A.B. asks: 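I'd like to ask some things about the structure below.
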Amino acid sequence: MEVFVPMDEALTRALQRIEQSVSLEEQDWEALTAGSDLISVGLAADEARRRHHGDRVTFVQVVEVPLDNAEASDPIPEQAGEVRLVGRPETVSQTIKAVKALADWAGVVPVTGFALEDLLDLCGNKSEKLERLLQQLRQAGLAMVSRVAFDALGKPEPILAALRAGGMDVASLCVDSPSGATFREALLEVASWKRVGTVFRSLAPLARMDPDLPSTGYGDLRRVALARLLVDNIGSIQVDWARHGSKLSQVALTFGADDVDAVSAVASSDQGWRRSPREEILRNIAAAGLTAIRRNGGFEEVADEG
Amino acid sequence: MSVSSISDRVLAGTRLDRDEALELYLDCSTSQLGRLAGAVRARRHPAGLVTYIIDRNVNYTNVCIARCAFCAFYRPIGASDGYVLGFESIFQKIEETIAVGGVQLLLQGGHNPDLPLDWYEDLFVQIKTRYPDFKLHALSPPEILHLSRLSQQPVSVVVERLVAAGLDSVPGGGAEILVDSVRRRLNCESKATAEEWLSVMRQVHLSGLRSTATMMYGSVENPEDRVEHLCRLRELQDETGGFTAFITWSYQPPNTELSGVEATGIEYLRTLALSRIVLDNFDNLQASWVTQGGKVGQLSLAFGANDMGSVMIEENVVRAAGAEYCMDEAEIVRNIEDAGYVPKRRNMVYDILGDPLYRQQSIPRRTKLAVARRNGDAIAPVELSRYSARSQFGKQQRQAIDKP
Ligand code: SF4
């Protein structure tokens with residue numbers, strides 16, 4: 001049901017240009033990013049999202065393991081859909097050893113980890129070495145690299161080639177530089193890349209936390225909506241439950257996002273009054289009028305036990 | 001009636017009845033509900049201003065005999081952490097508030113049987129003597145009713161005496177949900193039934209004071225109860241026109257007897273949007289950033305709010321339930337401008353007082369809200385011995401103050 005409320009002319013024009021895949025002019029950007037009519041931008045993004053995903057929202061419950069303590073001994077949390085190694089790798093052998101140890105522990109639960117830029121660093125910024133490392137990590141049991149920052153990619157072709165040859169995908173392409181101008185350039189750049197949707201499984205558009213100048217609710221939702229409207233070569237637009245909080249993340253689901261990362265796999269012991277993280281995410285997705293689909297760290301749907 | 005035809009009625013400025021409001025609330029998509037609320041708000045506030053007030057939220061006592069099941073703030077009589085603020089401490093808070101451009105105190109507290117009506121009168125008189133231009137937005141309807149019961153005076157007399165002492169306006173707290181079956185389940189019917197809350201407000205308005213109105217949703221009520229609540233407020237506003245603004249917030253479960261889980265951010269935005277649509281005779285709707293956080297607080301502006309509420313300076317009640325958000329004036333202004341609106345300072349009756357103050361004078365940034373009591377503050381100030389106590393504990397406390 002479309003409620004007809006007259007929209008600002010400049011915004012109408014900008015949204016029409018997006019729909020017709022016509023490149024945006026300065027005044028269009030102004031209308032999309034500075035006006036007070038956030039809802040119209042969100043509605044357009046929500047429509048685009050529904051064209052791709054209907055009312056489905058995927059989410060993954062993650063257990064994080066620090067790289068320097070990868071010898072996990074407790075049983076894997078029952079709700080975990082992904083085991084994620086976090087931390088900066090120091091050496092190739094340490095990295096491979098940690099992945100092997102975790103893969104043994106995780107069993108059928110996919111193990112992910114690392115920022116791609118850190119792995120590239122480890123390889124002296126040589127894409128051939130990266131390809132070899134990715135192959136070794138895959139053999140050790142790494143299902144996916146967790147993230148890559150857009151800023152770190154530069155010219156992406158050699159890295160994309162290494163990823164393809166190494167048989168490795170990246171879970172999240174993070175366009176998280178805090179500056180608006182860079183965000184705009186980044187979105188347009190990403191949208192121009194060919195055949196990346198099978199390598200970068202989701203686009204995470206929300207900015208990194210800046211304690212001195214926190215992002216705003218309008219700013220965050222505009223980023224989510226614009227990512228959805230302008231980038232159609234990566235299927236999922238992702239929000240991070242842990243980093244951005246349940247309230248903002250939930251609203252983002254009605255502004256174009258369709259995937260929720262980093263839902264905890266364990267209930268926080270200091271907040272025993274909360275429901276379990278699974279119940280909490282299911283409740284939030286349902287309250288947004290959407291259907292929750294549990295996925296694992298390999299972006300595969302996980303059937304619920306009933 | 002379909003959501004589409006109800007929406008047309010909203011856009012045409014036609015009042016919704018209970019059934020229509022409920023249908024919209026249950027069946028309209030969140031974005032569309034926001035869009036309708038935005039249209040109603042734009043009709044009432046075409047200039048694109050968003051207001052806020054610099055005032056301080058002070059809770060003079062946490063001792064309370066009402067024992068509402070949803071409240072994490074109160075302490076029973078005799079509790080070791082039960083407190084009453086001293087007059088000097090309140091004066092100091094006022095001075096700190098004036099120093100950052102504050103214009104009023106939002107003064108509320110528990111139903112403490114050991115604070116008689118003359119304690120309030122003396123406090124108000126002394127505040128007005130020291131700070132004649134400073135406003136007192138104080139005592140929600142259940143507190144007034146409590147004073148009426150305690151002093152055995154009719155509400156009209158209590159209000160008259162408080163006004164004579166310096167009361168300027170009345171906050172709309174204690175409304176929760178104005179449906180008695182809900183109030184019974186929240187154990188707050190005895191502090192004020194729905195009709196009692198409304199009749200105290202009626203009396204306040206008849207006395208020439210203005211007030212705000214509130215709704216706490218997300219505890220045990222259902223959507224019908226929320227709609228009923230809004231309609232009851234709308235009816236009283238038709239009658240008196242005394243409400244300046246409406247504020248809704250979600251029940252905060254941590255540390256309460258009732259427990260449970262907090263309603264989600266989307267439920268907040270939907271409830272706010274519905275309120276804007278149903279309360280067609282209210283000018284102003286405030287964002288509740290103190291319960292929702294700064295981000296969803298700012299998003300309120302897209303869902304019908306035209307006011308960012310107060311900078312607060314101090315907050316104790318929501319904090320007791322675990323939520324701790326802070327926005328100083330600079331942060332409120334940044335959020336208003338970021339949303340595409342023009343920020344203006346206001347007073348309680350929504351007169352525009354001017355542009356952001358921190359741009360005109362140096363005001364230290366605040367990253368944390370203050371609390372009622374500083375470490376080492378007395379929990380029973382000396383002047384209490386001048387006032388009669390009802391409880392055994394209060395009487396003993398007086399004796400201890402008299403004979404240290
Ligand atoms: S909400 Fe107010 S009246 Fe109820 S217990 Fe808390 S302090 Fe007392």
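Here the structure is a predicted model, which means the values were calculated and not measured. As a basis for the values below, the full set of heavy atoms in this structure was taken, side chains included, without hydrogen atoms, waters or symmetry mates. Quick note on labels: first sequence line is chain A, next is B, and so on, each numbered from 1.
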A.B. asks: Can a salt bridge be assigned to the pair A:Asp176 and A:Arg147 using a cut-off of 4.0 Å between side-chain N and carboxylate O?
C.D. replies: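 A:Arg147 and A:Asp176: salt-bridged.
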A.B. asks: Do B:Glu337 and B:Arg359 meet the salt-bridge criterion of a basic N to acidic O distance under 4.0 Å?
C.D. replies: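 Result for this pair is yes, salt bridge flagged.
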A.B. asks: Against chain B, label A:Thr33 side chain, backbone, both or neither, depending on which of its atoms sit under 4.5 Å from a heavy atom there.
C.D. replies: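 No part of A:Thr33 comes within 4.5 Å of chain B.
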A.B. asks: Among A:Thr254, A:Asp46, A:Asn284, single out the residue with the greatest number of heavy-atom pairs under 4.5 Å to chain B.
C.D. replies: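 Option with the greatest count: A:Asn284.
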A.B. asks: Does A:Glu25 come within less than 4.0 Å of A:Arg17, counting only side-chain N to carboxylate O?
C.D. replies: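 Looking at A:Arg17 together with A:Glu25, the answer is yes, because their closest N to O distance falls below 4.0 Å.
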A.B. asks: Just give me the residue among B:Asp338, B:Asn335, B:Leu301 that pairs up with chain A most often, heavy atom to heavy atom, under 4.5 Å.
C.D. replies: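 Heavy-atom pair counts peak at B:Asp338.
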A.B. asks: Need one label for B:Ala42: side chain, backbone, both or neither, based on atoms under 4.5 Å from any heavy atom in chain A.
C.D. replies: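 Neither part, no heavy atoms under 4.5 Å.
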A.B. asks: Please state whether the side chain, the backbone, both or neither of B:Tyr268 comes within less than 4.5 Å of a heavy atom of chain A.
C.D. replies: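 Neither part; nothing is under 4.5 Å.
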A.B. asks: Heavy-atom pairs under 4.5 Å with chain A are the metric here; pick the option from B:Gln298, B:Glu267, B:Arg270 that has the most.
C.D. replies: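 The option with the most such pairs is B:Gln298.
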A.B. asks: If you apply the rule salt bridge (charged side-chain N to carboxylate O under 4.0 Å, His left out), what do you find for B:Arg226 with B:Glu221, and how did you get there?
C.D. replies: CA-CA 7 Å; B:Arg226 297 178 196 174; B:Glu221 82 290 348; 2.8 Å; yes
A.B. asks: More than 12 heavy atoms of other residues, nucleotides or ligands under 6.0 Å from CZ of B:Arg185: yes or no?
C.D. replies: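 No.
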A.B. asks: So, taking the atom named CZ in B:Arg67 and the one named CZ in B:Arg75, what distance separates them when rounded to the nearest 0.5 Å?
C.D. replies: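 So the CZ of B:Arg67 and the CZ of B:Arg75 are separated by 11.5 Å.
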A.B. asks: Taking every heavy-atom pair that is under 4.5 Å apart, which of A:Gly245, A:Gly219, A:Ser36, A:Ala287 has the most such pairs with chain B?
C.D. replies: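 Sorted descending by pairs with chain B, the first entry is A:Ser36.
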A.B. asks: Please look at A:Leu213 and chain B and tell me whether the side chain, the backbone, both or neither of the residue comes under 4.5 angstrom of a heavy atom of that chain.
C.D. replies: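 Both parts, backbone and side chain.
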